[in-house]
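What follows is a set of notes on a single structure, which appears directly below.
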Amino acid sequence: MHACRIARAANGRDKILKFEGSYHGLHDTALVSVKPKAEEYGDPDAPNSVPGGGGVPKASLSNVVVAAFNNLPSVERRFKENPGQIAAIILEPIMMNVGLCLPQPGFLQGLRDICTKNGALLIFDEVKTGAKLAWGGASEFFGVKPDMICLAKSIGGGLPLGAFGASRAVMDLISQHKVFHGGTYNTNRVAMSAGLATFREVLTRENYGHVDKLSKKLTEGYRAIVKKSGLQAYIASAGVNGALMLYPQEIRNYRDWTKIDIDLWRHYWFGMVNRGVLAQPYWWDEQWTVSVQHTEADI
Ligand SMILES: Cc1ncc(COP(=O)(O)O)c(C=O)c1O
């Protein structure tokens, strides 16, 4: 919410471009086309802006344009249709609200170039990927630099903590009181202490080495089992995250994700639980996380 507001303030434009199927929180700008139904989502290259539930005002919908993940022409089309009006593109560098959907080579760099060309900001929502992909987040992992990042979840080490950051010029809009920012729980001492401890003690280069090794082992083990079983599936993996993807080919976007055999996925998940393994949170839009606390024995 704050990232979108400050992006709008930074270039004086109202529209935000997001991707179909991505989740960025519950506020009006983000709760659009999160899990739209087939009968409402429209053209795959120009998806409709579908409210993610009741209470999202129509006026908000008109300020959120939707494109398809891994589809640069759909993004270019939106910029052509809305000249000088799009303040920012917001995305998860890896879509993690649809299992695990990786950006195809060149996609993130393509977005970077489109933003630069059109004077829009590129926002990486790294609420999930930030601490879990690499020490330097998605920018380090993919080598593409956004204008702004959003962090949360793991950075609080279990306490509620969120953060966003951008260049000094953009963040100065707050210190110059051009963008209002505040809140009762902002810089809450307990949460901030937990965050500092997490960055200093847990999210260290050394620990990334440890979890990367475990993640590789887990992924290789899963891949060997999938191969042996002959299942129409693949393992998607990035950083410490991964997921068993029950599809014959790699998914590229939200609509591909909807084609999953849900019954089969449920058999997998409950079968694992019945054998004492909580492979990942329940729901086929989630993924597993290898933690710093895990050991070779857990894998
Ligand atoms: C990628 C992403 N962005 C934003 C959010 C919203 O975070 P919060 O629930 O702290 O508002 C989530 C929550 O799951 C998320 O996964």
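Everything numeric here is computed off the predicted structure, so don't read it as measured data. Starting from 1, each residue takes its place in the sequence as its number. For ligands, and for the atoms within them, numbers begin at 1 and follow the listed sequence.
When M96, E92, K128 are ranked by how near their heavy atoms come to atom 1 (C) of ligand 1, first place goes to E92.
A salt bridge between R78 and E81 is present, with a side-chain N of the basic residue lying under 4.0 Å from a carboxylate O of the acidic one. The residues K217 and E296 are annotated as salt-bridged, a charged nitrogen and a carboxylate oxygen being separated by less than 4.0 angstrom.
Taking the six-membered ring where the residue is Trp, W265 and W269 present parallel rings, their angle staying beneath 30° rather than reaching 60°.
Counted within 6.0 Å of NE2 on H27, heavy atoms from surrounding residues, nucleotides or ligands total more than 12; the atom is thus considered enclosed.
For atom 13 (C) of ligand 1, the closest heavy atom belonging to the protein is K153 NZ, 3.1 Å. Ranking the protein heavy atoms by distance from atom 7 (O) of ligand 1 puts V127 CG1, 4.4 Å first. Atom 11 (O) of ligand 1 has G25 CA, 4.5 Å as its closest protein atom, hydrogens excluded (heavy atom only). With hydrogens left out, the protein atom closest to atom 3 (N) of ligand 1 is D125 OD2, 2.6 Å, a heavy atom. The closest protein non-hydrogen atom to atom 10 (O) of ligand 1 is A152 CB, 5.0 Å.
In this structure, R255 forms a cation-pi arrangement with Y41, its terminal cationic atom sitting closer than 6.0 Å to the ring centre and no more than 45° off the ring axis.
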